[in-house]
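Report on the following structure.
By convention in this document, chain letters (A, B, ...) are assigned in the order of the sequence lines, proteins followed by strands, and residues within each chain are numbered from 1. Since we're looking at a predicted model, the values are computed, not measured.
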Protein chains: 2
Amino acid sequence: MTWPETMPDDNREQTVGLLAHTSGPATGAPREGRVYRQGDDYDRGMSYDPSAFPPFAVTVDLVVLTVRSHALCSLAVRRGEPPFQGRWALPGGFVREDEDLAQAAARELAEETGLRVHDPAAPAQDDGAHLEQLATYGDPGRDPRMRVVSVAHLALAPDLPAPRAGGDASNARWAPVGEMLERGGHGRDGEPVAPLAFDHHQILADGVERARSKIEYSSLATAFCPPEFTVGELRRVYEAVWGVALDPRNFHRKVTGTPGFLVPTGGTTTRQGGRPAQLFRAGGATLLNPPMLRPEV
Amino acid sequence: MTWPETMPDDNREQTVGLLAHTSGPATGAPREGRVYRQGDDYDRGMSYDPSAFPPFAVTVDLVVLTVRSHALCSLAVRRGEPPFQGRWALPGGFVREDEDLAQAAARELAEETGLRVHDPAAPAQDDGAHLEQLATYGDPGRDPRMRVVSVAHLALAPDLPAPRAGGDASNARWAPVGEMLERGGHGRDGEPVAPLAFDHHQILADGVERARSKIEYSSLATAFCPPEFTVGELRRVYEAVWGVALDPRNFHRKVTGTPGFLVPTGGTTTRQGGRPAQLFRAGGATLLNPPMLRPEV
DNA sequence: TTAATAGTGTCTGTGAGACAGTATCAA
DNA sequence: TTGATACTGTCTCACAGACACTATTAA
């Protein structure tokens, strides 16, 4: 029995490096009369000229997921200005001149939640969140004001105190992703929920799907748990993220038998009621072999 | 036995949408004296002002993979200008004002190779390449001339005629990824190979790893094959991409028994020698259940 | 004939899923 | 006591891997 040594979408660390481009389009006919000359001059090694390429704004958007009261929830902030004034959106902001994309995402995450990001080198024994790049969204019409390319990131965090945004609790909330992603969905009070601003519905859907598939073959589900947790608590994370019920006995046998996944701390707890349960923390393994299997249909 | 309905990194289609950001940083102290005010004004709904955000150039870079003579190869182009003049690099170019990221990547791919991209809606029965977003690289120092964010894409193509770049064959080649990714590697003539320009070594490594893992749980390996192919030819694709030897008998039983993976065309061929082999084309299935397993170690 | 590739059958070990049964707490 | 959760054991079926064997071509 084998399983890959690497994941389809590792949370890669950027290395210092430089621009990529060809030595010029194969279709080399000059394109005149354009506002921007599409980098032809840039390609030909002329000195830097800001008018030689179209300017973009670059932002990071965050899909911050957690498990609260048996439901997968995403952080949402209310927009205070047009466009989409008053609608819910994903947190995010501009990438600064001097920071990497991952740094920008970590900074926004800290500003919104106070969470620090796990050191990817150290084992996941400190408190903090998991952060990885998700995908980039650059449709020309995604912002009516200007051309904006957004590098979306996915963050997974344990259950947190109520969020704050600019100090105003009514402008930030943890919302169950089931409600947010339903077309014409309704909140728990039965009121209709307006769709998310911009293309954030798609970004959230992509982030949720990434989390759902990644906990299959990695130990990432532990990022939703406190530093010490029981097998039952970990099972409830899988059940909330996948929206299914799992057999507690087979789950227990599976996770405790997967090498490197869980390390017993020696302690026990009865915080879930019933017989005292062993406490574990996340082991060093990041890839599960064999993987957890998500039940079909 | 179950397997997920979705992949960890679906090739998502961008929907039309808009910008994401918060209603302002929680740490709301004014930041004066900066060249760019980091979007605070933008966040507060003031009218559009180009000086309110740092300008970026946005490019697409391409990891174009194919299988040639039992080796996984990547398209490389030689740089004609500084920086990294004379070094090999990945093909790519600027995103234009009016095009989506996927459109820009498809345009660059057509310019470099003449390949068209598969219609994701139609079954993979037409000729063409597979194209998906890979990851985005935005380290502030990755280009010495200016701040450039590159949205890397991964393309998989059948074996092609020799490439051209700007009509000059000596400035483009298919290079085995084993050679390109070796540190201080050597070409087949024993000459040392200079590392790729910019951060393209990392981008290529990420693209290769994505391809290696994705052919496990999807039918993507058929993107390396001509429209009609034999089981043996498909097996040689897996062997080249993974760099392993597979048991021909178990492989045959596995791929022909996976529903939706292969559809027999009725024809046969002896182009590989030996007993005539059935010809197949790719079936409609994009996800394999159960997956192909990459041999351990 | 040999050599090559194509394709089938058969055995064995691993592991997922189903589920019986026991253990240890609170109320 | 009931009821909750924790945990162990056992059975069965599916399937990956190993490999013997047959089939059909070219040289």
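The CD atom of A:Glu216 sits 5.0 Å away from the CH2 atom of A:Trp242 when rounded to the nearest 0.5 Å. Summarising the geometry, atom CG belonging to A:Asp159 is positioned 8.0 Å from atom CH2 belonging to A:Trp174; distances are rounded to the nearest 0.5 Å.
Distance, B:Asn250 CG to C:dA6 P: 15 Å, rounded to whole Å. Between B:Leu293 atom CG and D:dA14 atom P there is a gap of 18 Å when expressed in whole angstrom units. One atom, CD of A:Gln278, and another, C1' of C:dC25, lie 15 Å apart when rounded to the nearest Å. Atom CZ in A:Arg271 sits about 17 Å away from atom C1' in C:dA26, given to the nearest Å. Look at CG on B:Leu288: it is 11 Å from P on D:dA16, rounded to the nearest Å. If you measure from atom CG of B:Leu234 to atom P of C:dT5, you get 16 Å, rounded to the nearest angstrom. Between the P atom of C:dT5 and the CG atom of B:Leu279 lies a distance of 17 Å, rounded to the nearest Å. Summarising the geometry, the separation between CZ on A:Phe251 and P on C:dA18 is reported as 15 Å, rounded to the nearest angstrom.
Among the nucleotides D:dA6, C:dC19, C:dA6, the one closest to the side chain of B:Arg235 is C:dA6.
Between C:dG15 and A:Lys254, no contact under 4.0 Å exists linking OP1 or OP2 to a side-chain N or O. Within the 4.0 Å cut-off from OP1 or OP2 of C:dA6, not a single side-chain nitrogen or oxygen of B:His252 is found. A:Arg249 has no side-chain polar atom (N or O) that falls below the 4.0 Å cut-off from OP1 or OP2 of D:dT10.
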Task: Residues A:Arg294, A:Glu209; criterion salt bridge (Lys or Arg N to Asp or Glu O under 4.0 Å); working and verdict - done: CA-CA 12 Å; A:Arg294 175 158 39 163; A:Glu209 183 44 44; 3.4 Å; yes

TODO: Apply ring pair (Phe, Tyr, Trp, His ring centres under 6.0 Å) to B:Tyr238 and B:Phe251, showing your working.
DONE: CA-CA 10 Å; B:Tyr238 275 91; B:Phe251 183 88; 5.6 Å; yes

TODO: Starting from the C-alpha separation in whole Å, work towards a yes-or-no answer on side-chain hydrogen bond (donor to acceptor under 3.5 Å, both in side chains) for A:His200 and A:Gln202.
DONE: CA-CA 5 Å; A:His200 290 185; A:Gln202 183 66 45; over 6 Å; no

Report, one pair per line, the protein and nucleotides 23-27 of chain D atoms (nitrogen or oxygen only) whose separation is under 3.5 Å.
unit_1	atom_1	unit_2	atom_2	d
D:dA23	O4'	B:Arg275	NH1	3.3
D:dA23	N3	B:Arg275	NH1	3.3
D:dT24	O2	B:Arg275	N	3.3

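Ranked by how close their nearest DNA chain D nucleotide is to the 5' end, A:Thr230 and A:Arg253 are led by A:Thr230.
Geometric assessment of A:Arg173 against the ring of A:Trp88 yields a positive cation-pi assignment under the 6.0 Å and 45° thresholds.
Side chain of A:Ser218 to backbone of A:Leu287: no donor-acceptor contact under 3.5 angstrom is found.
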